[in-house]
Every structure is written in structure tokens, then in C-alpha cells.
Amino acid sequence: MPQFATSPGMRDILPPESARWRQFVATFASLVTDAGYGQVIPPLLEDIGVFSRLGEATDVVTKEMYDFTDKGGRHVALRPEQTASVCRAFVEHRPALPFKAWYAGSNFRYEKPQRGRYRQFDQVGVEVLGSDDAHVDVEVIALAWDFFASLGLQRVELVINSLGEPADRATYTSSVDQYLRSRFDELTAESRLTLERNPLRVLDSKRPPDADVIAGAPNIADYWSPEARTHFERVCDGLTTLHIPFVIDSRLVRGLDYYRRTTFEFRGGTLDSAQNALGGGGRYDGLVEDLGGPATPGVGFALGLDRTLLACDDEGVFGAQAHEPFAFVIDTTDGTHAMAITTALRRFGVPADRAFDGRSMKSQMKVADRSGAALAIIIGSDEAERSQALLRDLRSGGEQVVVSLSDVVATVATRFESQMNTGAQ
RNA sequence: GUGGGCGUAGCUCAGGUGGUUAGAGCGUCAGGUUGUGGCCCUGAAGGCCGGGGGUUCAAGUCCCCUCGCUCACCCCA
């Protein structure tokens, strides 16, 4: 047993999974960059005040934060999410409006680990600050939707709702509170506790005994102000125009307190998983102001890398791909030729690899085969004496030709290019 | 944080009612005529049986504690 292992909820991402992560972020980056979003890379650590606005009644803030006092006496925290950081950065630097930002990176939450739920977890997301046009909501949702599609996911469900204007949300919250108290005895013990802290969250309970009570709860739609209703309808119309299917769930109450008006969530195809929320987001028109900036509307979403990848596994799409070298150099002399040739090939942009430790011909051939290389460049003592090398095709029949050592790099580079051109790779 | 399940080689797992040098497959490494991979064959390396305590003549097997993983609740991505 190793003396050290990763801390709970933290893990190593190794090949080939790590390549999949990289490709995941690359796919996302290219999609949102093309849509006019610029990357923001906020620090991992912020003043704790940046995050306390996320909600007094949320576990994320009250008990899951990795916070501590640094050597300078500052009370800081590892970011539990990035929306607040992006807003803080906006307030600090005041970029031009609308500010369209995307991000990717790790967040930290001290939770009990589970599948699809880690203490260090990665998200990708976008935020748009400075416009409350419902079409921004639509754009943001459409980007997430298209991203899932570009991964190959087919069974993602979009659920949306509107929490109304702050005032709507407040009156709605108090009538839900009133209603739940009237049926207090029928609620599960857990829900009774939740009710004390955040009545809306009771609506999210997945415990069967609560279902009945929740079904009879007041509907947010009845509390929308005309403005909120109009805004929401414009969002729905936009999605319809773009042929993005959605389900309106009046009980969709997202976890963070800052949401106003539009909220949405993406759910994966596996219904049996408690972690089927791939990502979500919404409007947070008050956040920037809370962080000391001017009143600035904002919308955005964040997607969980792990959960989305889990959904990909379920649907059998976006699998990990190994990156294979084009050429593998086998040198049974002292390895100097292998050293020189792999380096030269790499400088020409040809992926190349070799074996070390002076292994036998057979052994090096095995390694070459396993590497997935298309071509073996073989230099044994005979070839070395004649200043030659053998080029052996590893993919098909194994045809072998003799090349002069001085021509090896150019010959292989040419082969590589013609293969790239035919798209065989 | 609460509750259930699990924890044996790098990986996936066997190891009835406790009994002598803990096994398999895959993987790794080395061989299988003269320097050439994939298939096949042979061999080797590799385990404080998660950790600690206890019961017993004897524990991978039983009991307690602890750590970790996992599932559900919770929370949320």
C-alpha cells in the first residue's frame, strides 16, 4: 500500500482520461470563443467576502467552503464556483459592456465525495454581464445546448423556470413558507429543517413522503410581475425559434441565492443518478452590485466536467483517444541514432518516440507496436555499419524498405505529410 | 453531516462452516534457432489480504475501532 494517497474527494486524472479532459475544454473553448467570449482566469483563492454573497442559506457558503486565514491575516477561501469571481473581476477591472466571458477550472467544496461529486471538481462556463435582454439568456442556453451536442450527447434535457423579479421571488418565498408550515406535520424531518433555512429548497426534496405536499405548493408563475413574465416568454420564444426543446418546471429552484428571473438546468439521460444535473445557471442581476459594483445584470451557466463526462460514458460518446506517434525508432546499437532521429523528426513536426535502456530487437518491436505508431524505423548493427535504416510498416503487411540514414528524416516526414493529407490519421 | 454496501497483486476478481509456502485472468518483464511487433507457448517479478487492536493453539476468514471507496439522503456541477 502506498504511503500517501490523494485526500478524500481529490484525485489524479491520468492518461488517457486526462487527454479527454483537455479535449473537453478545447471543444468548449472553441465553441464559445467563436461566439465572442473571452477567457477569464480568476485566481483559485479569493477574499471570503466574494463568496459569502452566494447565499446565507446555502451549504456551499455555510459549511462547504475551504476557508482559512493566510499568513497576512486575510480571511480567504478556495473558490467554490467561478461566477462570483468573474463578477468580482468585472467590478475590479470594469471591461466594456457587454462583458462576455468564459472560464474553465477547478472549484472546491468540502462535501462528502460521491460519484460525480468531488471536493475538487472542474467546471466550464460562461457569464454575460451588462445586458438584461432575454436574448442573452437564450444565447447562453443555446451555447450550452450546442456544446452538449458537439460532444455527441443526445439525451440531455433542458429544464427552465423563472424566479421572477426579486420582489416576486420574495412574496413567492413567503407564501411557500406559509403553505409548507400549514402542512408541517406531513413533511419529513429533513424538510422541516430545510424550511427553517430556505423554504424554496424544500421544493427540491427528492424524498417520496414530501412529494404530495410539494405538489400542492403555490406556483411561481402566479407571482411573476408583468415584466418578469414578458422576459420569460421572450426566453421561451427564443428557444423555440432555435429548435431547442425545453421543459418548464415551476419548481426548479437552484441552489445559489443570487438567481433572479431565468434559471435553467441540464439533466443527463440517466434518471437513476442523483448526480444527473450536468450543469445549470441563470440570471443574477443583483450579484455585481452586491460585490460593490454598479447595478449590472448578468446571466451565465456552469457545467460540471465529471458529470458531463459521465453522461458521455452512458451514451457511449466522446471517448478517450490515445495520441499515437507516427514513427517509432528502434535502435539496437547504443541508442544514439534513436536519439538523433526522434529529435529531428519532432523538430519537423512528426510525432515520434523510441525505447530506452538498450532493450532487445524483439522487445523494442513490441513497444513500437503497442505505441500505435504507423511506422518503425529500425537500426541494428548491420544497418548502422552501412549507414542505413529500415522503414517497416506496422499497420498493414509489414513491408520493409531500406533507406540511407541521411535520408531517413526527410523520407519519414514526407510519408507523414502524405498521410495527413489523405486524412488517414 | 446521517445511513447501507464494500476494501485480497498495477487492474478485474477467486479464496464454504478460521488450519500449514494466499490463487486466477489481464497487464509488466524475460525467453521460445540465426537481429523484427500483433496470435500462441514457457517462465519470472509483483501482496505487512486498507490500517490498528482483540478472541484463538491458529485469522484474509470472527469481534471492535479507524481510514478509504461506493450508493442513498443531504447538497449541488
Side-chain angles (χ1 to χ4, degrees), chain A residues 1-11 14 54-55 57-64 80-83 104-125 144 188-191 193-194 197-198 201-202 204-210 253-256 265-268 272-281 301-311 328 330-333 355 357 359-385 390-400:
Chain A
M1 282 297 109
Q3 190 179 359
F4 295 110
T6 51
S7 294
M10 311 271 174
R11 64 252 210 267
L14 302 175
L54 303 181
T58 63
D59 283 2
V60 172
V61 171
T62 56
K63 42 190 209 192
E64 296 175 357
E81 56 121 59
Q82 284 170 261
T83 301
S106 294
N107 302 317
F108 301 83
R109 259 119 100 155
Y110 193 88
E111 297 188 272
K112 184 156 175 178
Q114 222 172 292
R115 191 169 78 118
R117 190 175 83 181
Y118 303 96
R119 289 181 178 173
Q120 177 177 349
F121 64 101
D122 275 56
Q123 288 184 328
V124 295
T188 56
E190 293 90 340
S191 287
L193 280 173
T194 308
R197 298 181 299 132
N198 189 345
R201 288 223 57 87
V202 176
D204 252 359
S205 164
K206 292 175 190 121
R207 290 172 297 271
D210 292 326
V253 177
R254 297 197 41 81
L256 281 355
E265 193 168 291
F266 297 95
R267 294 178 187 157
D272 55 327
S273 173
Q275 265 73 240
N276 73 342
L278 269 32
F301 68 75
L303 308 179
L305 219 71
D306 299 288
R307 292 184 182 186
T308 305
L309 251 20
L310 245 25
F328 195 98
I330 291 164
D331 179 354
T332 58
T333 64
D357 303 314
R359 301 219 261 167
S360 71
M361 175 72 76
K362 177 174 183 166
S363 168
Q364 292 196 44
M365 281 299 289
K366 280 189 179 178
V367 179
D369 183 52
R370 247 176 313 171
S371 77
L375 188 72
I377 298 169
I378 304 169
I379 299 153
S381 46
D382 293 354
E383 288 75 21
E385 274 177 35
L390 298 172
L391 299 189
R392 183 181 174 87
D393 192 314
L394 293 174
R395 291 281 171 81
S396 43
E399 60 183 74
Q400 204 160 280

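Note that the coordinates shown come from a computational prediction; the quantities given were computed from them, not determined experimentally.
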Inset, instruction - Please check if the side chain of A:Gln364 supplies one atom and the backbone of A:Asp331 the other of a donor-acceptor pair under 3.5 Å. - result: yes
Inset, instruction - Let me know the distance between CD of A:Glu265 and C1' of B:A77, rounded to the nearest Å. - result: 9 Å
Inset, instruction - Whole angstrom is fine here: how far is it from CG in A:Leu193 over to C1' in B:G1? - result: 12 Å
Legend entry - Sub-4.5 Å side-chain heavy-atom contact between A:Arg117 and A:Lys112: yes
Inset, instruction - Mark yes or no for whether A:Glu81, through its side chain, and A:Thr83, through its backbone, hold a donor-acceptor pair below 3.5 Å. - result: yes
Inset, instruction - Quick one, give me the B/S/- string for nucleotides 34-39 of chain B, reading 5' to 3', where B means a protein heavy atom under 4.0 Å from the base and S means that only happens at the primed atoms, P, OP1 or OP2. - result: -BBBB-
Legend entry - Out of B:U2, B:C73, B:C75, whichever nucleotide has its closest atom nearest the side chain of A:Glu64: B:C75
Inset, instruction - Could you measure between the two C1' atoms, the one in B:C6 and the one in B:C13, and give it in whole Å? - result: 13 Å
Legend entry - P atoms of B:C62 and B:C49, separation to the nearest Å: 16 Å
Inset, instruction - Please state the P separation for the pair B:A44 and B:A24 - nearest whole angstrom. - result: 10 Å
Inset, instruction - Could you check how far CZ of A:Arg115 sits from C1' of B:G68, rounded to whole Å? - result: 19 Å
Legend entry - 5′-ward residue of the pair A:Pro8/A:Gly279 relative to RNA chain B: A:Pro8
Legend entry - Residues which pass salt bridge (Lys or Arg N to Asp or Glu O under 4.0 Å) with A:Glu383, listed by chain and number, not counting sequence neighbours: none
Legend entry - Interatomic distance where CG belongs to A:Leu303 and C1' belongs to B:A77 [whole Å]: 8 Å
Legend entry - A:Phe121: partners by ring-ring contact (aromatic ring centres under 6.0 Å, His included), with sequence neighbours left out: none
Inset, instruction - Using atom types as modelled and distance alone, determine if a side-chain donor or acceptor of A:Arg119 lies under 3.5 Å from a backbone N or O of A:Phe108. - result: no
Inset, instruction - Write down the distance separating the C1' atoms in B:G27 and B:C65, rounded off to the nearest Å. - result: 36 Å
Legend entry - Minimum heavy-atom distance A:Gly304-A:Gln123, with the two atoms named: CA-CG, 4.3 Å
Legend entry - Under 3.5 Å donor-acceptor pair, A:Arg307 side-chain atoms to B:C76 base atoms: yes
Inset, instruction - Can you tell me the distance, in whole Å, between the CG atom of A:Asn107 and the P atom of B:C75? - result: 20 Å
Inset, instruction - For B:U61 versus B:U20, give the span between their C1' atoms, rounded off to a whole number of Å. - result: 15 Å
Inset, instruction - Check whether any side-chain N or O of A:Asp357 sits under 3.5 Å from a backbone N or O of A:Arg359 as a donor-acceptor pair, and report yes or no. - result: no
Inset, instruction - Provide the distance between the two P atoms, one in B:G68 and one in B:G25, to the nearest whole Å. - result: 35 Å
Inset, instruction - Using a 4.0 Å heavy-atom cut-off across all strands, classify A:Gly9 as base, sugar-phosphate, or nothing. - result: sugar-phosphate
Legend entry - Atom-to-atom span, OH of A:Tyr118 to P of B:C69 - whole angstrom: 10 Å
Inset, instruction - Would you please test A:Met365 and A:Leu394 for side-chain contact (heavy atoms from CB on, under 4.5 Å) and show each step? - result: CA-CA 10 Å; A:Met365 281 299 289; A:Leu394 293 174; 4.0 Å; yes
All N/O contacts under 3.5 Å from nucleotides 43-45 of chain B to the protein, with atom names and distances to one decimal?
none

Legend entry - Donor-acceptor under 3.5 Å (A:Arg267 side chain, A:Ala277 main chain): no
Inset, instruction - Using a heavy-atom cut-off of under 4.0 Å over every strand shown, decide if A:Gly125 touches base, sugar-phosphate, or nothing. - result: nothing
Inset, instruction - Let me know the distance between CD of A:Glu81 and P of B:C75, rounded to the nearest Å. - result: 18 Å
Inset, instruction - May I have the distance from A:Arg109 (atom CZ) to B:A77 (atom C1'), rounded to whole angstrom? - result: 6 Å
Inset, instruction - Using modelled atom types only, decide if a donor and an acceptor are shared between the side chain of A:Ser360 and the backbone of A:Ser363 within a distance under 3.5 Å. - result: yes
Inset, instruction - Determine the interatomic distance between C1' on B:G51 and the same-named atom on B:A59; round to the nearest Å. - result: 16 Å
Inset, instruction - Go through B:C76, B:A30, B:C75 for me and flag the one nearest to the A:Thr194 side chain. - result: B:C75
Legend entry - Distance-only donor-acceptor test (3.5 Å): side chain A:Glu111, base B:A77: yes
What donor-acceptor contacts under 3.5 angstrom involve side-chain atoms of residues 367-378 of chain A, with partners at least two apart or in another chain?
residue  : atom : partner  : partner atom : Å
A:Ser371 : OG   : A:Ala368 : O            : 2.6
A:Ser371 : OG   : A:Ala373 : N            : 3.1

Inset, instruction - Would you indicate, yes or no, if B:U70 has its OP1 or OP2 atom less than 4.0 angstrom from a side-chain nitrogen or oxygen of A:Arg117? - result: no
Legend entry - Sugar-phosphate, base or nothing in reach of A:Arg11, heavy atoms under 4.0 Å: nothing
Legend entry - Which nucleotides of RNA chain B pair, in dot-bracket form (Watson-Crick or G-U under 3.5 Å, | meaning another strand): (((((((..((((.....[...)))).(((((.......))))).....(((((..]....))))))))))))....
Inset, instruction - Tell me which of A:Tyr110 and A:Asp210 sits closer to the 5' end of RNA chain B, going by the nucleotide each one is nearest to. - result: A:Tyr110
Inset, instruction - For A:Thr188 and A:Ser191, test the side chains for any donor-to-acceptor distance below 3.5 angstrom and give the result as yes or no. - result: yes
Legend entry - Approximate separation, where rounding is to 0.5 Å, of A:Thr308 OG1 and A:Leu303 CG: 5.5 Å
Legend entry - P-based separation of B:G50 from B:G43 [nearest Å]: 29 Å
